[in-house]
Amino acid sequence: MTAENQNIKIPTHVGLIMDGNGRWATQQGLPRLAGHKAGVENVKPTVLSAKKFGIKYLTFYAFSTENWKRPQDEVSWIMNLLSIFIDREVNNLNKEGVRILHIGHRERLGRELLKKIEDAIELTKNNTAITVQLGLDYGGRDEITQAVRKIVASGVSPEEVNEELISQNLYTAGIPDPDLIIRTSGEMRTSNFLIWQSAYAEWVFPETYWPDFTEEVFWQMLVEYSRRDRRFGGLSQS
Ligand code: IPE
Ligand code: IPE
Ligand code: MG
């Protein structure tokens with residue numbers, strides 16, 4: 001599985017909507033919470049696969065601004081799993097040269113979890129092998145709303161507002177737009193993920209539930225991506 005032997009184009013930035021944890025668990029007669037556990041377990045192997053493939057930016061959608069609507073025990077379970085994940089894996093990810101960033105609201109996360117995230121960001125800030133953005137309490141509409149607030153508060157005139165200024169005020173400021181977005185579990189919608197940044201992303205929808213997403217499936221998605229003709233509104237290069 002190397003880019004040379006299959007004419008593969010490696011996207012610079014891949015977004016991952018990790019969907020299907022609940023259905024994965026139900027399918028095996030397990031409670032939904034077991035699906036989230038298996039889902040979180042699959043994050044690190046996916047980061048290592050992405051690094052191996054030469055992907056420079058990977059953004060995980062872990063918890064949306066709408067996911068607060070779920071039952072309280074499910075929400076706390078997910079937050080707890082993420083907290084344990086950070087405790088267990090940040091040093092390993094740091095050794096792998098992973099730079100960790102967070103996108104989303106910070107205020108609604110528990111203070112302890114937020115501190116762990118901030119420490120992870122600080123620890124890994126000079127790493128260059130791959131940048132991993134964790135979308136936690138992230139929503140694209142919320143992100144744009146926050147950006148508009150910041151822009152208005154800065155007092156710029158209407159004529160100074162342009163796409164560049166909006167991009168610079170998003171959580172993803174300074175990060176290139178995603179080239180490829182993978183949503184697992186067969187659902188075909190954005191669910192509020194990177195809605196500004198994905199204007200020209202290629203989308204793929206493997207049927208695989210997130211806990212079963214493997215390096216092989218990831219590679220197949222890169223194969224599919226490589227077949228796409230990205231025109232960005234212009235004309236084909238070939
Ligand atoms: C994705 O899996 C994880 C989160 C949204 C937090 P789901 O929990 O949405 O799993 P399904 O879609 O119910 O199978
Ligand atoms: C999207 O999945 C959010 C994450 C994967 C974190 P959902 O399962 O919440 O999305 P919907 O409700 O099916 O659109
Ligand atoms: Mg879902």
Side-chain angles (χ1 to χ4, degrees), residues 13-47 49-50 57-86 89 100-110 113-114 116-117 120 132-146 170-172 175 178 180-198 201-214 217-218 221:
H13 182 178
V14 176
L16 268 163
I17 304 181
M18 306 185 279
D19 200 12
N21 292 348
R23 279 164 285 162
W24 178 88
T26 305
Q27 191 186 46
Q28 327 200 17
L30 298 169
R32 289 180 56 83
L33 303 192
H36 293 309
K37 185 158 190 290
V40 173
E41 300 279 328
N42 205 16
V43 170
K44 186 179 158 208
T46 305
V47 171
S49 299
Y57 299 88
L58 191 62
T59 301
F60 287 100
Y61 203 9
F63 193 89
S64 74
T65 47
E66 288 73 46
N67 286 147
W68 296 108
K69 292 178 196 161
R70 295 189 180 199
Q72 178 58 41
D73 65 337
E74 181 165 339
V75 170
S76 325
W77 176 261
I78 293 169
M79 294 300 164
N80 199 31
L81 285 171
L82 291 168
S83 178
I84 294 168
F85 170 79
I86 294 172
E89 300 297 353
I100 298 169
L101 296 175
H102 169 252
I103 56 169
H105 255 283
R106 294 198 174 192
E107 304 77 35
R108 296 184 291 221
L109 300 176
L113 177 58
L114 183 58
K116 285 177 190 186
I117 292 169
V132 171
Q133 300 192 104
L134 196 60
L136 191 51
D137 198 5
Y138 173 84
R141 287 185 170 186
D142 169 67
E143 179 181 43
I144 294 167
T145 306
Q146 300 305 324
L170 299 174
Y171 295 128
T172 54
I175 304 294
L180 171 67
I181 298 182
I182 303 171
R183 181 169 187 154
T184 57
S185 88
E187 303 291 359
M188 297 184 193
R189 53 179 169 270
T190 71
S191 298
N192 210 5
F193 184 56
L194 300 181
I195 54 176
W196 171 276
Q197 300 88 335
S198 66
E202 296 297 327
W203 288 77
V204 291
F205 303 98
E207 292 289 326
T208 322
Y209 294 141
W210 170 252
D212 288 333
F213 184 80
T214 58
V217 180
F218 200 165
M221 296 305 112

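For ligands, and for the atoms within them, numbers begin at 1 and follow the listed sequence.
Residues Glu66 and Arg141 form no side-chain contact, since every pair of their non-hydrogen atoms from C-beta on lies 4.5 Å or further apart.
Pairing each heavy atom of Arg32 with each of Gly22, the nearest pair is NH1-CA, 3.5 Å. Shown here for Thr46 and Leu58, the closest heavy-atom pair between the two residues is O-CD2, 4.1 Å.
Ring geometry for His13 versus Tyr57: interplanar angle of 30 to 60°, hence tilted.
Not one N or O on the side chain of Trp203 forms a donor-acceptor pair closer than 3.5 Å with the backbone of Ile181.
For the residue pair Gln27/Tyr209, the side-chain donor-acceptor check at 3.5 Å is not satisfied. Looking at Asn67 and Ser64, their side chains do bring a donor and an acceptor atom within 3.5 Å of each other. Arg183 and Ser191 form a side-chain donor-acceptor contact under 3.5 Å, judged by distance and modelled atom types alone.
Taking a cutoff of 4.0 Å between a charged side-chain nitrogen and a carboxylate oxygen, Arg23 and Glu187 qualify as a salt bridge.
Proximity to His36 (heavy-atom distance under 4.0 Å) selects the following atoms of ligand 1: 3 (C), 8 (O).
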Tabulate distances under 3.5 Å between N/O atoms of ligand 2 and N/O atoms of the protein, writing both atom names on each line.
unit_1: ligand 2; atom_1: 8 (O); unit_2: Asp19; atom_2: OD1; d: 3.2
unit_1: ligand 2; atom_1: 8 (O); unit_2: Arg70; atom_2: NH2; d: 3.2
unit_1: ligand 2; atom_1: 9 (O); unit_2: Asn67; atom_2: ND2; d: 2.9
unit_1: ligand 2; atom_1: 9 (O); unit_2: Arg70; atom_2: NH2; d: 3.3
unit_1: ligand 2; atom_1: 10 (O); unit_2: Arg183; atom_2: NH2; d: 3.2
unit_1: ligand 2; atom_1: 10 (O); unit_2: Ser191; atom_2: OG; d: 3.3
unit_1: ligand 2; atom_1: 13 (O); unit_2: Arg189; atom_2: NH2; d: 2.8
unit_1: ligand 2; atom_1: 14 (O); unit_2: Arg189; atom_2: NE; d: 2.8
unit_1: ligand 2; atom_1: 14 (O); unit_2: Ser191; atom_2: OG; d: 2.6

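For the Mg ion (ligand 3), the neighbouring protein N/O/S atoms at less than 2.8 Å, given as residue and atom, are Asp19 OD1.
For Phe218 and Phe213, the distance between ring centers is under 6.0 angstrom.
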